[in-house]
Asks: 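Could you have a look at this structure, given as structure tokens, before my questions?
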Amino acid sequence: MRCALEPVKQPRIAAIIPVLDEEGAIGSVVTAIPRDWIDEVIVVDGGSRDRTVAVASAAGARVLAENERGYGRACARGAAAAVEGGAEILVFLDGDGSDQPGVIPSLVQPILDRKFDFVIGSRSRGVREKGSMGAHQALAGYVIGGAVGLVYGTRYTDMCAFRAIRADALARLGMREMTFGWNLEMQMRAARAGLRILELPVPYGRRLAGQSKVAGTLRGSLKAGIRIFATIARVACERGSPRGVSDDAEHL
């Protein structure tokens, strides 16, 4: 007697979007998320003074309020909530409209195929809208990515926020950075942990509204730069030796 095959259960996938004063963009970002790929959209608000929370909620996102500010803190809060809801794959993207949600399937599919644990977008290698990314930002991605390569043998070309990672892999990394160094810390720890890493070129556009909290002001750029270099020093000097020279993060 033949037994009917049970349908293969697909992992639950959540998109996490940290925001602060993005009422002009967040609605469009949430509605552009491909819901046939993403089971839940979680927007983590870091204390917006505008209508960001209301707009995100109206667009269909689950909105969490994070009382303490910090980019990494918001990402961590969203990741924890997603995992509590059963998510096995986490997608991170910014809420200003510069990341293109339509690219999410390209980031997620290599993980679903069980070929990679961590897939990160590279704005530097992708098509960028004029004025979306300064030359100094692109250069910083290559320089810092090269420095990570010297320490861990895995080279990146960007510190793009747009990425996907297996939830269990993220949990093992022991993330500590609660501000602007979150993205870089994840990349460094992923390389040190020996995760299977893929870097993909992604399109990058200008923000839909408002001003960047990092690149938009000198103060923001300085704060971010200090946190990034502090993150490099802290993670690189932690106990535990690098896993040794290996292949670079695969590039497609």
Asks: Check the pair L107 / L200 against side-chain contact (heavy atoms from CB on, under 4.5 Å), numbers first and verdict last.
Replies: CA-CA 8 Å; L107 298 178; L200 294 174; 4.2 Å; yes

Asks: Is it the case that the side chain of D113 and the backbone of K115 share a donor-acceptor pair, with hydrogens and angles ignored and the cut-off at 3.5 Å?
Replies: no

Asks: Minimum heavy-atom separation for P34 and P101, please, with both atom names.
Replies: CD-O, 3.4 Å

Asks: Can you tell if the side chain of R35 reaches within under 4.5 Å of the side chain of I33, non-hydrogen atoms only?
Replies: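 Yes, their side chains come closer than 4.5 Å.
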
Asks: Sequence neighbours left out, what passes side chain to side chain donor-acceptor pair (under 3.5 Å) with R196? Give chain and number order.
Replies: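 Applying side chain to side chain donor-acceptor pair (under 3.5 Å) to R196 gives D117.
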
Asks: Does R77 use its side chain to pair, donor to acceptor, with the backbone of A65 at less than 3.5 Å?
Replies: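 Checking the backbone N and O of A65 against the side chain of R77, a donor-acceptor pair under 3.5 Å is found.
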
Asks: When you compare the side chain of L170 with that of F92, does any pair of heavy atoms fall below 4.5 Å?
Replies: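 Result yes, sub-4.5 Å side-chain heavy-atom pair found.
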
Asks: Considering all heavy atoms of both residues, which atom of A25 and which atom of G97 are nearest to each other, and what is their separation?
Replies: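 Nearest pair, atom of A25 first, then G97: CB-N, 4.3 Å.
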
Asks: Check V30 against A59 and note the closest heavy-atom contact, atom names and distance.
Replies: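 V30 and A59 have their closest heavy atoms at CG1-O, 3.6 Å.
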
Asks: Do L64 and I42 come close enough that some side-chain heavy atom pair is under 4.5 Å?
Replies: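 Yes; the side chains approach each other to less than 4.5 Å.
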
Asks: Is E66 reaching over with its side chain to a backbone N or O of A74, donor-acceptor style, under 3.5 angstrom?
Replies: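 Not at all, since once roles are kept as given, no pair shorter than 3.5 Å links the two residues.
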
Asks: Using the rule given for side-chain contact (heavy atoms from CB on, under 4.5 Å), can you reason through I120 versus D158, listing the C-alpha separation, both sets of side-chain angles and the distance that settles it, and then say yes or no?
Replies: CA-CA 9 Å; I120 179 172; D158 197 5; 5.9 Å; no

Asks: Would you call F118 and L173 a side-chain contact if the rule is heavy atoms closer than 4.5 Å?
Replies: no

Asks: If you measure from CG on L20 to CG on D50, what distance do you get to the nearest 0.5 Å?
Replies: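 Spacing of CG (L20) from CG (D50) equals 8.0 Å.
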
Asks: Salt-bridge test for E238 and R176: reply yes if a basic N is under 4.0 Å from a carboxylate O, no otherwise.
Replies: yes

Asks: Decide, yes or no, whether a salt bridge links R62 with E40 under the criterion of side-chain N to carboxylate O below 4.0 Å.
Replies: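 Salt bridge between R62 and E40, a charged N being under 4.0 Å from a carboxylate O: yes.
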
Asks: Of the options D96, D94, D21, which is the one that meets R207 in a salt bridge (Lys or Arg N to Asp or Glu O under 4.0 Å)?
Replies: D96

Asks: Side chains of Q187 and N183: is there a donor and an acceptor less than 3.5 Å apart?
Replies: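 No - no donor-acceptor pair under 3.5 Å links their side chains.
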
Asks: How long is the gap from CD1 on I104 to CG on L93, to the nearest 0.5 Å?
Replies: 5.5 Å

Asks: Shared ILVMFWY cluster between V29 and W37, side chains joined below 4.5 angstrom?
Replies: yes

Asks: Could you tell me whether a side-chain N or O of R163 sits under 3.5 Å from a main-chain N or O of E199, the two making a donor and an acceptor?
Replies: no

Asks: What distance separates E129 CD from Q100 CD, expressed to the nearest 0.5 Å?
Replies: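 Output value for this atom pair is 8.0 Å.
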
Asks: Say whether M175 and M188 are linked into one hydrophobic cluster, either directly or through other cluster members, by side-chain heavy-atom distances under 4.5 angstrom.
Replies: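 Yes, it is one cluster - the side chains of M175 and M188 are joined through contacts under 4.5 Å.
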
Asks: Stepwise, does the side chain to side chain donor-acceptor pair (under 3.5 Å) test hold for S122 with T157?
Replies: CA-CA 6 Å; S122 171; T157 64; 2.6 Å; yes

Asks: Do V103 and P203 have side-chain heavy atoms sitting under 4.5 Å apart?
Replies: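 Side-chain contact under 4.5 Å: yes.
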
Asks: Taking all non-hydrogen atoms of both residues into account, name the closest pair between Y152 and V235 and its distance.
Replies: OH-O, 3.6 Å

Asks: Would you compute the distance between atom CZ of R192 and atom CG of L195 and round it to the nearest 0.5 angstrom?
Replies: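 Interatomic distance, R192 CZ to L195 CG, rounded to 0.5 Å: 11.5 Å.
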
Asks: Quick one: pull up CE in M186 and CE in M159 and give me the separation to the nearest 0.5 Å.
Replies: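 Answer for the CE-CE pair, M186 versus M159, is 13.5 Å.
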
Asks: Decide, yes or no, whether a salt bridge links R12 with E88 under the criterion of side-chain N to carboxylate O below 4.0 Å.
Replies: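 Looking at E88 together with R12, the answer is no, because their closest N to O distance does not fall below 4.0 Å.
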
Asks: Quick one, R172 and R166 - any side-chain contact, counting heavy atoms below 4.5 Å?
Replies: yes

Asks: Let me confirm one number: the CZ-CZ distance from R73 to R69, rounded to the nearest 0.5 Å.
Replies: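 CZ of R69 is found 12.0 Å from CZ of R73.
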
Asks: Between A161 and D99, which heavy-atom pair has the shortest distance, and what is it?
Replies: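 Here A161 and D99 meet closest at CB-OD2, 4.4 Å.
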
Asks: Indicate yes or no for a side-chain donor-acceptor contact from S57 to the backbone of V53 under 3.5 Å, with no hydrogens or angles considered.
Replies: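 Not confirmed, S57 side chain does not pair with V53 backbone.
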
Asks: In terms of side-chain heavy atoms, does S48 have a donor or acceptor partner in E22 at a distance below 3.5 Å?
Replies: no

Asks: Looking only at heavy atoms, which two atoms of G181 and T231 are closest? And how far apart?
Replies: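 Closest approach of G181 to T231, heavy atoms only: CA-OG1, 3.6 Å.
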
Asks: Determine whether I16 and L90 make a side-chain contact, defined as any pair of heavy atoms from C-beta on separated by less than 4.5 Å.
Replies: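 They are in side-chain contact.
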
Asks: With heavy-atom distances below 4.5 Å as the criterion, would you say the side chains of F162 and Y204 are in contact?
Replies: no

Asks: Under the side-chain contact (heavy atoms from CB on, under 4.5 Å) rule, what do I144 and Y156 come out as? Steps first, then yes or no, please.
Replies: CA-CA 8 Å; I144 294 174; Y156 301 97; over 6 Å; no

Asks: With side-chain contact (heavy atoms from CB on, under 4.5 Å) as the criterion, how do V119 and I165 come out once you've worked through the C-alpha distance, each side chain's angles and the decisive distance to 0.1 Å?
Replies: CA-CA 6 Å; V119 181; I165 188 169; over 6 Å; no

